[in-house]
Amino acid sequence: FLGAGGGNDIQWCFSQVKGAVDDDVAEADIISTVEFNHSGELLATGDKGGRVVIFQQEQENKTQSHSRGEYNVYSTFQSHEPEFDYLKSLEIEEKINKIRWLPQKNAAQFLLSTNDKTIKLWKISERDKRPEGYNLKEEDGRYRDPTTVTTLRVPVFRPMDLMVEASPRRIFANAHTYHINSISINSDYETYLSADDLRINLWHLEITDRSFNIVDIKPANMEELTEVITAAEFHPNSCSTFVYSSSKGTIRLCDMRASALCDRHSKLFEEPEDPSNRSFFSEIISSISDVKFSHSGRYMMTRDYLSVKIWDLNMENRPVETYQVHEYLRSKLCSLYENDCIFDKFECCWNGSDRQVEFLSLCTSDLPNIVMTGSYNNFFRMFDRNTKRDVTLEASRENNKPRTVLKPRKVCASGKRKKDEISVDSLDFNKKILHTAWHPKENIIAVATTNNLYIFQDKMN
Amino acid sequence: MLGRGLKRKLSDYEENMAGLSSAFDSSRSLPYPLKRQLVLNMCLTKLQTYKMLVEPNLHRSVLIANTVRQIQEEMRQESSQQPVNICPALAPASHSYTGMESPGISLQLPSGGGQQESHCCDLRSVEDPIENSLLIVSDDDMSSAISSILKDLDFVEDISPPTCLVPTADDQPKFPENTGLKLEDDRQDLKGAECVFGSFEISNSTSYLKDLAIDDIFEDIDTSMYDSDFCCPPLMPPRSPSLATEEPLKTFPSCNSSSANNIQICRTDLSELDHIMEILVGS
């Protein structure tokens with residue numbers, strides 16, 4: 001149970017860092033997605049080389065009450081391989097775009113991982129016992145001569161060293177012409193959606209040879225194309241409701257009960273443009289890079305290039321809150337356009353929650369309500385919706401003393417730079433934090449820099 | 001060889017653009033039309049770069065195309081408010097550029113639609129380095145750049161069509177239309193196929209090839225052996241009417257015939273070749 005808010009800001013401490021130390025980043029090691037499972041015990045990362053690495057949290061040690069369990073490598077497997085589409089002469093990247101966990105139903109864990117074209121359902125299972133004492137086989141596997149068998153026995157399971165195996169159980173292929181940007185598992189835990197630039201498909205987890213197309217925004221004439229789908233997510237509670245965001249800064253909420261093809265939205269969320277902020281790049285920076293429902297499903301959060309917006313599902317004409325992530329970049333948009341940084345897709349996430357408490361609580365403003373997103377120079381930002389305070393922290397190996405509280409960072413937009421501040425022109429735009437994840441129940445966060453994964457925890461007293 | 005030259009030019013351009021975009025960001029005194037031109041050029045350069053990629057990024061292409069459209073629309077509106085066609089030579093008289101003092105500048109305002117000269121002119125000014133790097137682009141060029149990149153992104157759909165739910169009475173009227181639309185979709189997909197293959201045609205390739213006449217490309221190939229003087233003798237009377245319409249190259253098989261004339265011609269060529277080789281080798 002998370003400590004109630006009310007002024008106690010979380011103090012974040014470095015816990016661990018995973019990944020290579022040297023500055024020379026191997027392309028395949030670039031982290032492309034980070035996701036905790038539903039219990040928070042497992043943390044999965046996907047990289048550009050098509051690999052998935054899963055970390056498992058140690059069971060809490062009673063003697064080490066000052067820190068929560070550490071995350072150690074649990075399983076590593078190659079999820080996707082590079083492919084070549086011979087018809088179009090195109091190489092299909094093996095980069096993992098998204099990982100989504102299924103809730104645990106039995107001893108095994110299941111996750112969906114996707115690259116640009118193909119989604120795969122992986123089963124991760126443990127093996128810590130093996131059968132011994134076969135009648136017809138020796139221990140090393142050689143077959144015995146049946147004539148030498150004089151007695152019969154029942155083979156028994158004996159313990160062995162833990163082995164974690166990942167095996168692909170379903171492969172959902174050939175349903176996307178364009179690049180998949182999102183997958184989202186429905187609250188019925190039987191179906192899921194996958195979204196590419198122009199279409200969204202609905203799948204059943206058991207069926208791989210067909211999917212239903214539920215959104216199609218491809219115009220008859222491609223020259224008329226002005227908008228693409230950038231992200232999509234199912235509502236956490238309503239299994240017929242989903243949203244998708246667009247490159248024009250709009251979010252559409254659709255109800256699958258309304259029609260087979262949800263081209264007509266039920267709700268359209270769009271904020272009118274602020275004329276004082278108008279520039280040539282207004283549309284580009286309004287493109288939404290991520291959309292996430294709150295745990296209760298009453299709100300949703302969107303991330304565009306410069307800000308994070310919180311929307312109330314009952315109000316379509318404007319967000320209820322807007323948080324500026326790095327407003328100092330507004331005056332640098334042309335340079336950022338020139339070097340393509342303006343197209344960077346930052347993700348965002350909500351803090352974890354105890355959903356039962358959230359539902360029972362009469363006054364949800366007492367519950368901690370924080371959103372997190374990344375920025376440049378390996379900075380990441382947290383916005384407390386209750387206190388309206390925000391903080392900028394840095395993921396860097398220089399701060400790697402465990403249990404040392406991270407020092408807040410500050411960017412000097414203009415004018416005289418104070419001590420410990422960093423000026424906008426000194427920011428390293430190659431060091432971007434695009435992917436972050438928050439433990440579903442505890443104050444543990446995973447922050448991915450280009451090729452390293454940082455884990456931070458709140459300071460436990 | 002040309003490829004290398006092109007690369008150098010591009011990296012110079014990139015360095016230039018980095019300087020220009022920081023000038024855009026930091027300078028408040030840059031006049032709006034100039035800023036707009038700079039952004040437009042950056043957009044078109046990016047679209048051009050994407051065209052050279054095997055698989056351009058759809059999201060980025062759409063965003064950039066929209067920016068170009070927005071600028072295009074703005075320019076059209078401006079020019080529709082100024083009916084007078086501004087000539088390059090009279091640039092100092094242009095009231096859109098009151099902010100600029102330098103006399104050497106002459107920027108051509110695209111006047112939209114049909115009146116426009118459709119070639120790109122690269123106007124240079126000694127005084128102002130910013131104008132030096134700007135390409136003035138016509139309305140037509142902008143539209144065609146957007147069209148071509150978006151057309152190329154129309155992939156041939158090789159996937160089996162997703163199964164549609166059986167339409168029930170409750171479904172909205174749009175659904176039964178889908179089956180009708182599917183035929184159109186197929187036709188569109190065929191068009192898409194043509195577009196994909198269209199990018200292989202010379203007409204869609206880089207402007208280098210567009211600028212040259214077809215004959216110029218083959219300039220350096222020696223076709224003297226196939227000139228009609230040499231190949232006329234082997235012509236056989238019954239075939240002559242059709243042969244008259246055949247291309248010169250098609251007479252080549254007749255050169256292989258064992259006509260004595262031909263062998264003599266070839267031998268002459270060979271001895272000439274020997275002669276040339278002797279000179280080269282210096283024996």
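Here is how names work: the chains are called A, B, and so on, in the same order as the sequence lines, proteins then strands, and each is numbered from 1.
Contact record, B/E74 with A/F280: OE1-CE2, 4.5 Å, taken as the closest heavy-atom pair. Contact record, B/E55 with A/H179: OE2-NE2, 3.0 Å, taken as the closest heavy-atom pair. Here the closest non-hydrogen pair linking B/Q70 and A/S279 is NE2-O, 4.0 Å.
At a 4.5 Å heavy-atom cutoff, the contact between A/S89 and chain B is made by backbone atoms alone. Both the backbone and the side chain of B/S147 have a heavy atom closer than 4.5 Å to some heavy atom of chain A. Heavy atoms closer than 4.5 Å to chain B are found in both the backbone and the side chain of A/S247. Contact annotation for B/K35: both backbone and side-chain heavy atoms come within less than 4.5 Å of a heavy atom of chain A.
In this structure, the side chains of A/F281 and B/L63 stay at 4.5 Å or more apart for every pair of heavy atoms. Side chains of A/E283 and B/T67 form no contact here, defined as non-hydrogen atoms less than 4.5 Å apart. Contact of the A/D196 side chain with the B/L58 side chain is not registered, since no non-hydrogen atoms from C-beta on lie closer than 4.5 Å.
In A/F84, the CZ atom is crowded: over 12 heavy atoms of neighbouring residues, nucleotides or ligands sit closer than 6.0 Å.
Among A/L198, A/I342, A/D340, the residue making the largest number of heavy-atom pairs under 4.5 Å with chain B is A/D340.
In this structure, SG on B/C43 lies 6.5 Å from CD1 on A/I284, to the nearest 0.5 angstrom.
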Practice prompt. Let me see the working for B/H59 and A/N181 under side chain to side chain contact (heavy atoms under 4.5 Å, CB included), right down to the final yes or no.
Written response: CA-CA 11 Å; B/H59 179 224; A/N181 52 54; over 6 Å; no

